[in-house]
Amino acid sequence: MALSPPSLLLFSLLSLLLLQSSAVIPRMLFLVPQQPLVLTYHKGALLKGNYTVNLLFYGSFTPVQRAVVVDFVRSLSAPATSVESWWGTTGLYGPGGPTRLSPGRVLLDQDCSLGKSLTDSDLLALASRPPHRGAITAVLTAPDVLVDGFCMSRCGFHDAGRAGRRGRVRYAYLWVGNPATQCPGNCAWPFAQPTFGPQTPPLVPPNGDVGIDGLVINLATLLAGTVTNPYGDGYFQGPPTLPMEAATACTGIFGGGAFPGFPGNLLVDPASGASYNAKGLAGRKYLLPAMWDPRTRQCKPSA
Ligand SMILES: *[C@@H]1O[C@H](CO)[C@@H](O)[C@H](O)[C@H]1NC(C)=O
């Protein structure tokens, strides 16, 4: 369940549209009404109840950068914050009630124990450290760490591993890279000039850090996908190998009035000029992706 860079996705969607439109009578495009976006439930297990999020910082992250990420995860269950109400939409994906996420262990691997060029199996090895019960492990890689497919086809992914006797315990994990130097235009949009597609000036990131504010968008996207489609048979649309999930179904949408290349209308901090759409604990501001709302079947941006 890879998270494709929005601009790459847009680029491929555009080329798909161009290909398709050359194969059909153009006016058909106007006659066919837009299908409502529906994520189908595939009857598998969802993550419901209380989970902790273990954060493994792999490579170099400053204490300030780590605090931005940890405060985001803390905010997911902080009452009366708009981060928490954004997360609340995941609780509408039934069966079962809400999923409450809180920070678990914070692990540092500053010396990059598996080197600076990682494969998917390296990421699984990093995520396989216990505890797994009631936990999701997020592996976050530093800007100078190469990961197969990072920036080319994906900004991160989530998946499941197996542990315990005969692999009876399934656990969910995810990986997100800090795109600051490798591909801010792909994986930190709208805080960087997009690599493909319509060009818009970059927005000022709310924590003053293009890479980390972009990483938070992707972490938020993957956490929503993880709890609503943890084992590949939850909620998604499209092929299981390239599913559109809770937030990836709404790629590129951050506020009302969004269209390709325009993230939508956002709140702006008058002092810094930063754009955001959610507030968390400790006065933190974040930009979070719109999430598909099962009641309305629409992408709902954070208030
Ligand atoms: C989940 O955590 C909250 C807050 O710590 C607690 O009040 C609640 O009882 C927990 N729920 C379960 C099912 O353990």
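Predicted model, so just to flag it, every value in this text is computed and none were measured.
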**Message:** With side-chain contact (heavy atoms from CB on, under 4.5 Å) as the criterion, how do V216 and L287 come out once you've worked through the C-alpha distance, each side chain's angles and the decisive distance to 0.1 Å?
**Reply:** CA-CA 8 Å; V216 168; L287 185 65; over 6 Å; no
**Request:** Could you list the residues that satisfy side chain to side chain donor-acceptor pair (under 3.5 Å) with D148, not counting sequence neighbours?
**Result:**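 For D148 there are no side chain to side chain donor-acceptor pair (under 3.5 Å) partners, ignoring immediate neighbours.
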**Set of side chain to side chain donor-acceptor pair (under 3.5 Å) partners for R165, sequence neighbours left out** =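 Checked R165 against side chain to side chain donor-acceptor pair (under 3.5 Å); zero matches.
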Within the 4.5 Å heavy-atom criterion, are [X] and [Y] side-chain neighbours or not?
X    : Y    : answer
P243 : Y235 : no
P95  : L46  : yes
L107 : D109 : no
L219 : L174 : yes
V68  : D209 : no

Which atoms form the tightest heavy-atom contact between [X] and [Y], and what is the distance?
X    : Y    : result
P103 : V70  : CG-O, 4.3 Å
A172 : T226 : CB-CG2, 3.6 Å
L288 : A278 : CD1-CB, 3.6 Å
R162 : G167 : NH1-O, 2.8 Å
P205 : A274 : O-CB, 3.6 Å
L266 : S275 : CD1-CB, 3.8 Å

Quick one: salt bridge (charged side-chain N to carboxylate O under 4.0 Å, His left out) pairs with a partner in [range], sequence neighbours left out?
range            : value
residues 176-199 : none
residues 78-102  : none
residues 112-123 : K116-D144, D120-R154

**Parallel, tilted or perpendicular: ring planes of Y173 versus Y171, cut at 30 and 60 degrees** =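 Ring orientation, 0 to 90° scale: tilted.
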Taking only residues two or more places apart in sequence, or in another chain, which ones meet [X] in a salt bridge (charged side-chain N to carboxylate O under 4.0 Å, His left out)?
X    : value
K285 : D269
D71  : R74, R284
K48  : none

For the side chain of [X] and the backbone of [Y], is there at least one donor-acceptor N/O pair under 3.5 Å apart?
X    : Y    : answer
N277 : G255 : no
T221 : A247 : no
N229 : G234 : yes
Q199 : G197 : yes
R170 : A160 : no
S82  : K279 : yes

Taking a hydrophobic cluster as the set of Ile, Leu, Val, Met, Phe, Trp and Tyr residues connected by side-chain heavy atoms closer than 4.5 Å, whether directly or through intermediates, do [X] and [Y] fall within one such cluster?
X    : Y    : result
L47  : V73  : yes
V145 : L3   : no
V227 : W86  : yes
V69  : L76  : yes
F191 : W189 : yes

**Request:** Kindly indicate, with the supporting measurements, whether the criterion side-chain contact (heavy atoms from CB on, under 4.5 Å) is fulfilled by N207 and Q65.
**Result:** CA-CA 9 Å; N207 296 285; Q65 292 178 320; over 6 Å; no
Would you mind writing out the side-chain donor-acceptor pairs for residues 124-137 within the sub-3.5 Å range, not counting sequence neighbours?
{"unit_1": "S128", "atom_1": "OG", "unit_2": "A125", "atom_2": "O", "d": "2.8"}
{"unit_1": "H132", "atom_1": "NE2", "unit_2": "S128", "atom_2": "O", "d": "2.8"}
{"unit_1": "T137", "atom_1": "OG1", "unit_2": "N54", "atom_2": "ND2", "d": "3.4"}

**Message:** Going by disulfide (SG to SG under 2.5 Å), name the pairs with one or both residues in residues 189-269, residues two or more places apart or in two chains.
**Reply:**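 Only C250-C299 qualify under disulfide (SG to SG under 2.5 Å).
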**Prompt:** Going by the disulfide (SG to SG under 2.5 Å) test, which pairs reach into residues 78-115, not counting sequence neighbours?
**Reply:**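 For residues 78-115: none.
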**Message:** For the cysteine pair C183/C151, does the gap between the two SG atoms stay under 2.5 Å?
**Reply:**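 In this structure, C151 and C183 share a disulfide.
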**Prompt:** So W175 and F150, ring-ring contact (aromatic ring centres under 6.0 Å, His included) or not? Walk me through it.
**Reply:** CA-CA 10 Å; W175 156 70; F150 183 36; 5.4 Å; yes
Got a second to check how far [X]'s [atom1] is from [Y]'s [atom2], nearest 0.5 Å?
X    : Y    : atom1 : atom2 : result
L222 : D159 : CG    : CG    : 11.0 Å
L146 : Q182 : CG    : CD    : 5.0 Å
I212 : I217 : CD1   : CD1   : 12.0 Å

**Request:** Begin from the C-alpha positions of L39 and Q237 and carry the test side-chain contact (heavy atoms from CB on, under 4.5 Å) through to its verdict.
**Result:** CA-CA 5 Å; L39 303 197; Q237 187 192 56; 3.8 Å; yes
**Asked** Of L118, L108, L140, V147, which is the lone residue that meets side chain to side chain contact (heavy atoms under 4.5 Å, CB included) with Y58?
**Response**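 It is L118, the one option of L118, L108, L140, V147 that forms the side chain to side chain contact (heavy atoms under 4.5 Å, CB included) with Y58.
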**Prompt:** So which pairs with a foot in residues 260-297 pass ring pair (Phe, Tyr, Trp, His ring centres under 6.0 Å), sequence neighbours left out?
**Reply:**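 Output for this query lists F72-Y286, Y93-W292, F259-F262.
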